[in-house]
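Note that the numbering runs from 1 along the sequence shown for the chain. Remember, it's a predicted structure, so these values are computed and weren't measured experimentally.
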Amino acid sequence: LISWVEFAIRIFFFPQNNSTRMFHVGIFLVILGQTCRTLAMVTCGESFNHYIQRDKKDNHELVTKGIYSILRHPSYFGFYYWSIGTQ
């Protein structure tokens, strides 16, 4: 809700600060981040969890294929760039 208020204030009171280029960069970062994060979830399947695990599950396996062959932590990478793109 607060982000919507911030957006409205910026659009209505500071229209000169709006940049189409920055909008497109932001959209690109959001799509890049979400794609990396979704690929991480799909590649890991059951081994993916949104919480840091303290104990290893019996069926856990180390994933080294797909996006994990390119990035070590694609979910963190994706979330980071997704959040930067939303700013």
Side-chain angles (χ1 to χ4, degrees):
L1 183 62
I2 293 174
S3 65
W4 295 356
V5 172
E6 175 192 1
F7 178 77
I9 290 172
R10 194 187 76 208
I11 290 295
F12 293 120
F13 295 109
F14 303 101
Q16 70 277 8
N17 292 342
N18 297 326
S19 166
T20 307
R21 174 181 276 166
M22 288 308 293
F23 173 77
H24 288 107
V25 169
I27 291 294
F28 172 76
L29 290 174
V30 167
I31 292 170
L32 172 73
Q34 187 61 48
T35 301
C36 287
R37 200 157 159 76
T38 301
L39 285 174
M41 291 181 206
V42 169
T43 303
C44 277
E46 250 184 69
S47 294
F48 187 87
N49 197 314
H50 291 280
Y51 302 105
I52 296 173
Q53 302 297 302
R54 292 178 56 206
D55 301 317
K56 182 181 172 187
K57 292 182 181 177
D58 292 335
N59 65 347
H60 178 78
E61 63 181 56
L62 179 64
V63 178
T64 58
K65 62 182 191 256
I67 194 163
Y68 283 89
S69 66
I70 301 167
L71 295 169
R72 185 171 183 173
H73 299 288
S75 183
Y76 293 142
F77 173 89
F79 181 71
Y80 177 78
Y81 284 101
W82 179 89
S83 65
I84 295 298
T86 62
Q87 296 304 309

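- Among residues two or more places apart in sequence or in another chain, the ring pair (Phe, Tyr, Trp, His ring centres under 6.0 Å) test is passed with Tyr76 by His73.
- Atom CZ of residue Phe48 and atom NE2 of residue His60 lie 12.0 Å apart, to the nearest 0.5 angstrom.
- For the atom pair Gln87 CD and Glu6 CD, the distance stands at 7.5 Å (nearest 0.5 Å).
- Under the 3.5 Å distance criterion, the side-chain polar atoms of Thr86 are matched with a main-chain donor or acceptor of Ser83.
- Counting all heavy atoms, side chain and backbone alike, Ser75 lies closest to Ala40 at N-CB, 3.9 Å.
- Note that the CD1 atom of Ile67 and the OG1 atom of Thr38 stand 9.5 Å from one another [nearest 0.5 Å].
- Glu61 contributes atom CD, which lies 10.0 Å from atom NZ of Lys56 (distance to the nearest 0.5 angstrom).
- In this structure, Tyr81 and Phe77 have tilted ring planes: the angle between them lies in the 30° to 60° band.
- Shown are Phe13, Phe7, Phe12; of these, the side chain to side chain contact (heavy atoms under 4.5 Å, CB included) with Ile9 is made only by Phe13.
- Looking at residues two or more places apart in sequence or on another chain, you find no ring pair (Phe, Tyr, Trp, His ring centres under 6.0 Å) involving Tyr68.
- Annotation for Cys44 and Val63: closest pair SG-CG2, 3.9 Å, computed over non-hydrogen atoms.
- A chain of hydrophobic side-chain contacts below 4.5 Å, direct or via other Ile, Leu, Val, Met, Phe, Trp or Tyr residues, connects Val5 to Phe14.
- Between Cys36 and Leu71, the shortest heavy-atom contact is SG-CD1, 4.4 Å.
- Scored by the ring pair (Phe, Tyr, Trp, His ring centres under 6.0 Å) test, Phe28 finds no partners at all (sequence neighbours excluded).
- When all heavy atoms are compared, the tightest approach of Leu29 to Gly85 is CB-CA, 3.7 Å.
- Gln34 CD to Leu39 CG: the interatomic distance, rounded to the nearest 0.5 Å, is 10.0 Å.
- Rounding to the nearest 0.5 angstrom, the gap separating the CD1 atom in Ile70 from the NZ atom in Lys65 is 14.0 Å.
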